[in-house]
Every structure is written in structure tokens, then in C-alpha cells.
Colleague: 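Below is a structure I'd like to ask you about.
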Amino acid sequence: DAGVIQSPRHEVTEMGQEVTLRCKPISGHNSLFWYRQTMMRGLELLIYFNNNVPIDDSGMPEDRFSAKMPNASFSTLKIQPSEPRDSAVYFCASRQGSGTEAFFGQGTRLTVV
Amino acid sequence: GESVGLHLPTLSVQEGDNSIINCAYSNSASDYFIWYKQESGKGPQFIIDIRSNMDKRQGQRVTVLLNKTVKHLSLQIAATQPGDSAVYFCASYNFNKFYFGSGTKLNVKP
């Protein structure tokens, strides 16, 4: 398996534009997490899916952020409209069962100018 | 909410020496504590975990110690190698979710 695949690796967009980040989890994994990483706040959990269903979205900063998981092999994180303070590295991670080992993708570095 | 913090932002060690990375946590109800390693430009990678009812767990060249009395967690790396240079995060695991600390950057000097 190629691991968790995220796209794009880098995204530069202008303030106010819509941004969509994509994630393909490891096949067979039933949990998916979206994290945001910044120097100031570290790794923040945004949302957690189990069996494609959003279980906890309390970390989503505001209504501008939304996440979907239409099937077991794909998830998106959308920011609309984007703002400069959204600039960060966004990670997707997947996990099998209820274990403690989550597998992270390479991340998407988002820059909003 | 969850709070997992680290004592030092940067740790420099000589190649071959042992490294100790420390972490404090606030939620005593966490089921597990976990250490992750993040190399530059990559996502975090699982190293080792410890169940909350244990005091010590050993892996390959790594040992994690848990002191529940003072809510302290440490990661010991034996014979540190250049490939160990990375940022190390401790995380707590509760209700199927992971909460990460701010990270310690380990620099290994040749």
C-alpha cells in the first residue's frame, strides 16, 4: 500500500478563494482524521470520521471549514472563503480499528495570500 | 479539554549518547499515551505507545516511561543516531482521538 495519499502537496491561493484538500486513506482503514499543524498551535485535530461518518467535528475552527467522506477511500477538507490565518500544513491520517497507530499522509502546505 | 505539553522545544545530543524527551499531560483519564516522530517535510510517524495502567514499555532502542503521580511521560532513545533527528511529539489517546503536544526538536550532532 502506498500509505495515506494527500493532494495537492502545496497550495497557494488568494484570500477569499475556495480551497479543497484531498485525502485517500489506507485501504481497509475505517477511521480518518484531519489535522492542522502550525508553529503556534502545533497539531490540532479538526475532525474525525469513523466508517465514513463524522464523529467529532468540534475542532473545526468555524463554518468556513467543512469536511466530507463520501466513501471509504476518499475525504475532502474544504475552506470557503479562505483567509491568511488558514495558512498551515494540513494532515490527513487513517487508522484501522481502534488502535493507537495512526498513519499520516505527507500533508498539504496551504498558503493563503 | 486535552492538554499535552513538552518541557523543551529543542534537544541537542551527541551521536551515540542516549536521549531523553519529556512530556507533561493534564488528562488522567487518557487510555494511552503515544510518541510520534516527524521528520522534515513528512507526516508524524508512530514510534511506541503505553497503556495508561503501565509504567514502562520498551521497543527497539526506545523506552517510554509513564509517571501517573506527576502526570509525566518520557521517551528514551538509546545510542542516538543521525537518523533520529526529528521533532518528537507525545500524544494522549482518549475516546478514539489523538491529542498532540507541541513537539521537541531533537538534533543529533555527529
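Convention: sequence-line order gives letters A, B, ...; per-chain numbering from 1.
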Colleague: Report whether B/M54 and B/I47 are members of the same hydrophobic cluster (ILVMFWY, side-chain heavy atoms less than 4.5 Å apart, transitive linking).
Modeller: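 Yes, one cluster joins them.
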Colleague: If you count heavy-atom pairs under 4.5 Å between each of A/A102, A/G107, A/G42 and chain B, which one has the most?
Modeller: A/A102
Colleague: Counting only non-hydrogen atoms closer than 4.5 Å, does A/R41 touch chain B with its backbone (N, CA, C, O), its side chain (CB onward), both, or neither?
Modeller: neither
Colleague: With clusters defined by side-chain heavy atoms of hydrophobic residues (ILVMFWY) lying less than 4.5 Å apart, directly or transitively, does A/W34 cluster with A/V112?
Modeller: yes
Colleague: For A/R95, which atoms come within 4.5 Å of any heavy atom of chain B: side chain, backbone, both, or neither?
Modeller: side chain
Colleague: Test of understanding: clusters of I, L, V, M, F, W, Y form through side-chain heavy atoms closer than 4.5 Å, transitively. Do B/V62 and B/I21 belong to the same one?
Modeller: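 Hydrophobic grouping puts B/V62 with B/I21.
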Colleague: Are A/F91 and A/L77 grouped together when hydrophobic residues (ILVMFWY) are joined by side-chain heavy atoms under 4.5 angstrom apart?
Modeller: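 Cluster IDs for A/F91 and A/L77 differ.
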Colleague: What part of B/Y32 gets within 4.5 angstrom of chain A, counting heavy atoms only: side chain, backbone, both, or neither?
Modeller: side chain
Colleague: With a 4.5 Å cut-off on side-chain heavy-atom distances among I, L, V, M, F, W and Y, is there a chain of contacts connecting A/M69 to A/F33?
Modeller: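 Different clusters.
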Colleague: Do B/F100 and A/Y35 have their ring centres less than 6.0 Å from each other?
Modeller: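 Yes, they do, as the ring centres are separated by less than 6.0 Å.
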Colleague: Using heavy-atom distances under 4.5 Å, tell me whether A/A93 contacts chain B through its side chain, its backbone, both, or neither.
Modeller: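 Nothing of A/A93, per the 4.5 Å heavy-atom cut-off to chain B.
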Colleague: Is it the backbone or the side chain of B/N96 that comes under 4.5 Å from a heavy atom of chain A, or both, or neither?
Modeller: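 Both parts, backbone and side chain.
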Colleague: So how far is it from B/Y93 OH to A/S98 OG, rounded to the nearest 0.5 Å?
Modeller: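 Between B/Y93 OH and A/S98 OG, I get 5.0 Å after rounding to 0.5 Å.
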Colleague: CZ of A/R109: more than 12 outside heavy atoms within 6.0 angstrom?
Modeller: no
Colleague: Could you tell me whether the side chain of B/Y36 and the main chain of A/E101 form a donor-acceptor pair under 3.5 Å?
Modeller: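 No, B/Y36 side chain to A/E101 backbone: no donor-acceptor pair under 3.5 Å.
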Colleague: Given heavy-atom pairs under 4.5 angstrom as the criterion, report whether the side chain, backbone, both or neither of A/N50 touches chain B.
Modeller: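 Neither part.
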Colleague: Tell me which of these, B/K42, B/Q45, B/K97, has more heavy-atom pairs under 4.5 Å with chain A than the rest.
Modeller: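 When all of B/K42, B/Q45, B/K97 are compared, B/K97 has the most.
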Colleague: Is chain B contacted by the side chain of A/Q37, its backbone, both, or neither, given a heavy-atom distance below 4.5 Å?
Modeller: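 Contact with chain B involves the side chain of A/Q37 alone.
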Colleague: For A/E62, is the CD atom crowded, meaning more than 12 foreign heavy atoms sit under 6.0 Å from it?
Modeller: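 Result for CD/A/E62: enclosed.
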Colleague: Does A/M15 have more than 12 heavy atoms from other residues, nucleotides or ligands lying within 6.0 Å of its CE?
Modeller: no
Colleague: Would the number of heavy atoms belonging to other residues, nucleotides or ligands and lying under 6.0 Å from CG of A/D63 be above 12?
Modeller: no
Colleague: What part of A/L45 is in contact with chain B, defined as an atom under 4.5 angstrom from a non-hydrogen atom: side chain, backbone, both or neither?
Modeller: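 Answer is side chain: those atoms of A/L45 sit under 4.5 Å from chain B.
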Colleague: When rounded to the nearest 0.5 angstrom, what is the spacing between CG in A/L43 and CZ in B/F98?
Modeller: 12.0 Å
